[in-house]
A.B. asks: 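Take a look at this one; I'll ask things after.
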Amino acid sequence: MRNRKQALDQIANQEFDVCIVGGGATGAGCALDAQLRGLKTVVIEAGDFGSGSSTASTKMVHGGVRYLQEAVNDLDVNQYHLVEHALRERLIMQRNAPHLTRTVEFLVPCFSNFEKIYYGLGMKMYDWIAGKSSLLPSRLLTREEALYRMPAMQSENLVGAAAYADGQFDDARYALALVETFTRAGGDALNYARVTAFSKDAAGKLVSATVVDQASPRSFEIRARAFVNATGPFSDVVRRLASPDVTPRMHPSKGVHIMLPLDGFSETDALLVPKTEDGRVIFAIPWSGRLLVGTTDTGYTPGEEMVVKSDEIEYLLRQINPYLSSPLRADQVVSGIAGVRPLVAAQGVTDTKKLIRDDEVEFDAASGLVSILGGKWTTHRLMGEETIDKVQEYLGGPHSPSRTSEHPLVGAMGFKWDYWQTLESDFALHGPTAHHLAHKYGTQAAQVLELAKSDKSLALPLVEGEAPIRAQVVYAVRHEMARTLEDVLARRIGLQLYGWRLAIAAAPLAAALMGHELDWSTEEEQIALEQYVAMVNHRITSAGQQPEPVPSAIRELTLERK
Ligand SMILES: Cc1cc2nc3c(=O)[nH]c(=O)nc-3n(C[C@H](O)[C@H](O)[C@H](O)COP(=O)(O)OP(=O)(O)OC[C@H]3O[C@@H](n4cnc5c(N)ncnc54)[C@H](O)[C@@H]3O)c2cc1C
């Protein structure tokens with residue numbers, strides 16, 4: 001990818017075939033699809049790539065066992081198709097980015113033989129729908145097997161567990177990999193640039209968008225033959241920019257996750273809590289050496305802050321603790337993340353738990369705007385395909401087939417599960433760092449490590465004793481359009497989700513490295529550091545914990561090469 005300044009200069013006042021508004025999973029999926037079909041495409045993202053719902057997910061590549069349960073209970077054919085499509089896409093997502101995905105077995109604890117039969121049959125149905133896309137066959141575990149694989153599981157009255165496989169992925173890096181794969185295919189992408197208005201021709205069709213750079217007072221026009229609205233939960237705002245009188249369709253709901261130590265849980269197996277007090281399921285999934293627990297499903301008020309609150313932590317712990325031998329505590333929470341589900345309102349349904357998380361391509365005949373509404377991460381590729389089919393129909397040219405299902409993402413070419421060992425020996429790395437880099441960048445990790453060849457200090461850890469290294473910060477600025485400390489520490493390196501306090505500890509060095517790359521003054525660096533620490537501390541205090549003091553900035557940074 002270019003750096004951000006190069007991307008801005010390249011895009012401003014240009015003309016494209018397709019302009020995608022929104023650079024989350026959906027927008028990036030649409031962009032890659034369009035560009036690979038030969039359409040000259042640009043993506044405009046108001047924040048950072050993937051910084052909306054796309055980094056707040058449960059990180060599951062799944063058909064959705066809960067949707068299957070609802071399909072059966074409600075005899076709902078739409079839910080059934082949602083599961084079927086998602087299970088097919090699950091395999092494609094894994095195949096196109098093996099470095100960012102893996103298969104996890106989920107254990108459903110059973111406290112009676114009836115539960116064992118009920119969940120066992122449900123999982124067999126899940127296998128059957130997956131057909132050739134099945135990852136591993138489901139099976140029943142004895143009480144001993146279940147406790148051996150997950151010692152943290154409640155043993156009293158346990159008769160066994162039903163085990164089934166689903167996918168897991170790194171949502172933040174997957175979004176970046178989609179954007180980078182798109183730019184390598186010749187597309188243009190810009191983050192921190194908001195579409196604020198459209199212009200129309202005499203027939204009322206959209207011809208250009210006004211884009212306001214969020215990093216400078218600059219604004220500019222982008223002309224395109226077609227515009228796609230891929231703004232997730234905010235889709236109604238952009239629909240109304242095109243046609244002010246349209247009826248709102250989005251019905252967003254908030255979901256939070258918390259991160260805890262993995263003690264007593266497995267590195268490879270997850271726990272599914274089959275019944276919550278509000279009739280849903282929640283998951284406890286191993287994630288990079290931590291335990292990710294989520295999610296909630298509550299109403300979202302426009303403008304509401306996306307932080308995890310202490311009552312939401314209490315709710316999650318109340319649901320999971322009955323299934324554990326020793327209860328998890330709120331003070332063990334090391335981080336959390338909150339996001340908004342972009343649900344499309346189905347006719348006559350107000351309960352967000354029952355809204356279908358399927359997608360809909362909406363065509364506004366008056367303005368020509370194509371909106372892709374709803375959906376989930378797992379189906380982002382298929383949604384991109386359906387959207388660009390509609391775009392091609394609108395443009396009236398020849399129809400070319402989608403090519404994304406067979407298109408590996410950046411970092412996937414040549415990747416094998418033991419690639420980390422190649423990195424370990426070729427670059428004399430510690431095992432955890434080699435593993436971390438292999439699963440963040442795939443075979444692209446070699447490019448990150450090349451930076452450390454000319455400056456050995458860049459191979460040092462960002463925080464003593466942790467896997468991420470300093471070269472990742474430099475790489476993020478030079479090649480991944482990172483602009484803020486959160487871009488680097490949250491989405492490109494993943495440290496913020498691994499632990500709020502660790503991210504604060506890494507912030508002074510990360511700020512110094514970014515400042516060096518971006519020519520920040522000492523004051524700019526200090527401001528960036530203080531703003532970042534204040535933001536993370538706000539998350540810490542919202543979760544009911546004591547804040548961290550602002551660490552001192554690093555005044556002397558020895559870097560041999562810029
Ligand atoms: C709690 C939770 C758990 C989930 N778990 C899973 C899961 O495990 N598996 C799964 O498959 N799915 C899951 N999902 C669903 C999935 O995360 C979302 O469906 C998906 O990320 C939506 O992507 P998106 O690109 O449509 O929206 P977003 O990621 O929100 O992207 C929309 C983007 O549009 C940008 N934007 C808005 N307005 C403008 C504008 N005017 N100009 C330019 N840009 C603009 C925003 O900044 C934003 O980045 C989960 C969702 C949530 C909230």
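Counting starts at 1 for both ligands and their atoms, in listed order.
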A.B. asks: Does anything in residues 205-239 form a ring-ring contact (aromatic ring centres under 6.0 Å, His included)? List the pairs, not counting sequence neighbours.
C.D. replies: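 For residues 205-239, and leaving out neighbouring residues, the ring-ring contact (aromatic ring centres under 6.0 Å, His included) pairs sorted by first residue read Phe198-Phe227.
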A.B. asks: Do Arg4 and Asn191 have a side chain donor and acceptor closer than 3.5 Å?
C.D. replies: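 Yes, because at least one side-chain N or O of Arg4 sits under 3.5 Å from a partner of the opposite role on Asn191.
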A.B. asks: Just say parallel, tilted or perpendicular for the rings of Trp377 and His380, cut-offs at 30° and 60°.
C.D. replies: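 The arrangement is perpendicular - the two ring planes meet at more than 60°.
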A.B. asks: Under 3.5 Å, is there a donor on one side chain and an acceptor on the other for Ser243 and Asp364?
C.D. replies: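 Note: Ser243 and Asp364 side chains meet the donor-acceptor criterion.
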A.B. asks: Could you name the protein residues that come within less than 4.0 Å of ligand 1, counting only heavy atoms, and order them by chain and residue number?
C.D. replies: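 Residues near ligand 1: Val21, Gly22, Gly24, Ala25, Thr26, Ile44, Glu45, Ala46, Gly47, Gly52, Ser53, Ser54, Ala56, Ser57, Thr58, Lys59, Met60, His62, Ala193, Arg194, Val195, Ala230, Thr231, Gly232, Pro233, Phe234, Val238, Gly255, His257, Thr295, Gly339, Val340, Arg341, Pro342, Gly375, Lys376, Trp377, Thr378.
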A.B. asks: Centres of the Tyr498 and Trp287 rings: under 6.0 Å?
C.D. replies: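 Judged by ring-centre distance (under 6.0 Å), Tyr498 and Trp287 do not meet the cut-off.
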A.B. asks: Is it the case that atom CD in Glu267 sees more than 12 heavy atoms from other parts of the structure closer than 6.0 Å?
C.D. replies: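 No, the 6.0 Å shell around CD holds no more than 12 heavy atoms from other groups.
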